[in-house]
Amino acid sequence: MKPVSTISRRLFLAGMPLTLGACVAGGPQTLATGPVRRPIDRAYITMYSAINDEPHPVPAIDLTDVDPRYFRQIVGFSGPEHPGSIVVDPQRRFLYLVQENGEALRYGCGVGRAGFDYQGAAIIQRKAAWPRWTPTPNMIRLDPERNLPYAGGMEGGPQNPLGARALYLYRDGRDTLYRIHGTHQPWSIGRSVSSGCVRLFNHDIIDLHRRVPTGTSVMVLPHGSADRTAGGSGEPIA
């Protein structure tokens with residue numbers, strides 16, 4: 001078992017870019033996860049507290065609704081991808097930002113049907129904050145009542161399905177229509193949902209958006225790939 005100081009350091013490193021944007025609640029807090037009540041580390045409470053310096057509100061996440069494996073955390077990483085690259089594992093609902101020394105910053109994600117449609121290599125060619133969303137012709141055809149009103153696009157905001165940020169994946173200079181984006185439905189992280197590509201907590205997509213530049217390499221793993229978390233357990237090393 002790792003000492004508390006090591007655990008705190010790893011949580012600090014995972015949450016560091018958000019410390020200026022998050023509002024830290026005062027006083028002791030003990031939250032529960034799942035059917036058995038257990039405390040949630042205060043570092044996670046801070047990491048996912050309300051962000052008040054965005055153009056639109058980003059409320060605190062109720063962590064009692066989330067399996068702790070999907071919290072942002074440093075894990076051991078086993079894979080050939082180089083530091084600075086992104087690996088998406090749609091099957092296990094994880095996204096890795098590869099670090100040095102056999103580690104990665106792992107984010108939990110939710111996956112829609114489109115999240116399983118694409119696999120292989122891509123690059124992030126465009127990034128957007130509070131992006132505009134336009135349904136594809138196929139989305140309009142399949143659900144015209146829901147999507148036709150937005151055929152001309154929807155401005156970024158609390159109702160926009162792309163959330164607070166979006167990373168646009170291209171291959172050979174062409175848009176793959178595959179997005180890594182935020183969500184206003186935190187309950188969907190770790191689950192397969194009806195629509196969308198790969199969604200992260202708004203807090204996490206803001207964090208990832210800050211960490212990666214355009215030109216970042218992305219590998220989307222096919223179904224059946226080995227778990228990239230070191231040891232294949234999907235559990236954090238701290």
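What's counted below: heavy atoms across the whole structure, side chains too, no hydrogens, waters or symmetry copies. All values reported here derive from a predicted model rather than from experimental measurement.
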Residues D89, R228: salt bridge by 4.0 Å N-O rule: no

Separation of K127 NZ from T216 OG1 (nearest 0.5 Å): 7.5 Å

Check: Y170 main-chain N/O paired with D175 side-chain donor or acceptor under 3.5 Å: no

Heavy-atom pair with the smallest gap, counting every atom of R72 and Y44: O-CE2, 3.3 Å

Nearest-0.5 Å distance, CG of residue N160 to NE2 of residue H181: 9.5 Å

Aromatic plane relationship, H203 with Y48 - under 30° parallel, 30 to 60° tilted, over 60° perpendicular: perpendicular

Y96 and F94 aromatic ring geometry - parallel, tilted or perpendicular at 30°/60° bounds: perpendicular

Identified side chain to side chain contact (heavy atoms under 4.5 Å, CB included) counterpart of I86 within the set V220, V218, I123, L105: V218

Euclidean distance, L162 CG relative to H184 NE2, rounded to 0.5 Å: 8.5 Å

Side chain to side chain contact (heavy atoms under 4.5 Å, CB included) against A151, all qualifying residues, sequence neighbours excluded: I140, L148

Minimum side-chain heavy-atom gap Y107-I180 below 4.5 Å: no

salt_bridge(R69, D67) N-O dist < 4.0 Å: yes

Nearest-0.5 Å distance that lies between atom NE2 in H223 and atom CZ in R92: 8.5 Å

Pair D62-W187, side chain to side chain contact (heavy atoms under 4.5 Å, CB included): steps then yes or no: CA-CA 9 Å; D62 181 0; W187 56 264; over 6 Å; no

Side chain to side chain contact (heavy atoms under 4.5 Å, CB included) between L208 and L95, intermediate numbers included: CA-CA 10 Å; L208 182 62; L95 182 150; 3.9 Å; yes

Rounded distance [0.5 Å steps], CD in Q125 versus OG1 in T176: 10.0 Å

Distance in Å, W133 CH2 paired with N147 CG, rounded so as to fall on 0.5 Å steps: 4.5 Å

